[in-house]
Amino acid sequence: MTRLLIVGPQGSGKGTQGVRIAEAFGIPAVSTGDVFRGAVAAGTELGQQVKAIIEAGDLVSDELTSAVVRDRLSQPDAADGFLLDGYPRNIAQVAHLDEFLEGRDEQLDAVIELVVPREESIARISQRAAEQGRSDDTEEVIANRLAIFERETAPILDVYRTRGVVDRVDGVGSLDEITDRIIASLQARGLGRGAAA
Ligand code: AMP
């Protein structure tokens with residue numbers, strides 16, 4: 001039963017690390033960005049609703065995003081834990097998630113804050129743009145997404161910090177090094193295999 005959230009700016013590697021940590025814990029990684037991109041690619045009604053918003057790097061409405069997450073977390077594979085990536089992304093979404101989890105008598109066990117200097121995230125996003133050609137990886141859209149992160153998402157860490165659940169992890173290094181650091185910090189909290197408590 002491990003409920004985790006990974007937070008970091010675009011280009012911090014949170015998607016990659018989120019999948020690795022979820023695998024290590026045997027829980028599903030739930031990435032709202034992936035859900036939205038999948039819906040756009042599949043041309044579903046949800047995809048049509050969010051396509052222009054994602055391409056501009058803006059945020060999808062809190063109501064729609066929270067509904068998507070509630071639906072996903074209600075699937076049987078998330079009953080015993082999950083790792084959220086990219087949600088909640090602002091204070092209003094924290095309140096939505098709190099309400100949902102309280103209704104299940106649950107709470108987040110840990111919030112992983114992946115710390116990466118701005119220049120490093122920009123370099124990584126530019127590399128991904130060259131490799132994958134994501135439509136929201138243009139220079140202008142990247143700047144918008146980083147500004148939104150600093151303005152709207154960084155404050156959620158203060159909320160979780162007051163709850164004592166945030167682990168700050170250095171996000172610079174090899175993929176394996178960073179995964180090991182995250183797992184060590186979670187183990188220090190008594191989470192996962194070989195946990196101290
Ligand atoms: P990501 O891959 O997490 O950077 O998400 C890609 C895009 O999906 C974002 O730039 C937003 O347009 C949208 N998105 C993902 N998660 C959320 C969220 N929690 N709230 C609003 N929009 C989101």
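Everything numeric in this text was worked out from a predicted model, so none of it was measured. For ligands, and for the atoms within them, numbers begin at 1 and follow the listed sequence.
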### Query
Which value, rounded to the nearest 0.5 Å, describes the distance between Gln75 atom CD and Arg70 atom CZ?
13.5 Å
### Task
Test side-chain contact (heavy atoms from CB on, under 4.5 Å) on Leu186 and Phe25 and set out the steps.
CA-CA 10 Å; Leu186 295 174; Phe25 279 79; 3.7 Å; yes
### Task
With sequence neighbours left out, write down each residue that passes side chain to side chain contact (heavy atoms under 4.5 Å, CB included) with Arg151, or none if nothing qualifies.
Ile148
Show the atom names and distances, to 0.1 Å, of all donor-acceptor pairs under 3.5 Å that link a side chain in residues 80-89 to residues at least two apart or in another chain.
| from | atom 1 | to | atom 2 | distance (Å) |
| --- | --- | --- | --- | --- |
| Asp85 | OD1 | Lys14 | NZ | 2.8 |
| Tyr87 | OH | Ser66 | OG | 2.7 |
| Arg89 | NH1 | Gly86 | O | 3.0 |

Filter the ligand 1-protein atom pairs down to N or O on both sides and distance under 3.5 Å, then list them.
| from | atom 1 | to | atom 2 | distance (Å) |
| --- | --- | --- | --- | --- |
| ligand 1 | 2 (O) | Arg37 | NH1 | 3.0 |
| ligand 1 | 2 (O) | Arg37 | NH2 | 3.1 |
| ligand 1 | 3 (O) | Lys14 | NZ | 3.3 |
| ligand 1 | 3 (O) | Arg89 | NH1 | 3.0 |
| ligand 1 | 3 (O) | Arg89 | NH2 | 3.2 |
| ligand 1 | 4 (O) | Arg89 | NH2 | 3.0 |
| ligand 1 | 4 (O) | Arg145 | NH2 | 2.9 |
| ligand 1 | 12 (O) | Asp58 | O | 2.5 |
| ligand 1 | 16 (N) | Thr32 | OG1 | 2.7 |
| ligand 1 | 16 (N) | Gly86 | O | 3.3 |
| ligand 1 | 16 (N) | Arg89 | NH1 | 3.1 |
| ligand 1 | 19 (N) | Gly86 | O | 2.8 |
| ligand 1 | 19 (N) | Gln93 | OE1 | 3.0 |
| ligand 1 | 20 (N) | Gln93 | NE2 | 3.0 |
| ligand 1 | 22 (N) | Val60 | N | 3.0 |

### Query
Charged N to carboxylate O under 4.0 angstrom, Asp170 versus Arg181?
yes
### Task
Please list all pairs passing the side chain to side chain donor-acceptor pair (under 3.5 Å) test where one or both residues lie in residues 26-47, with sequence neighbours left out.
Asp34-Arg37
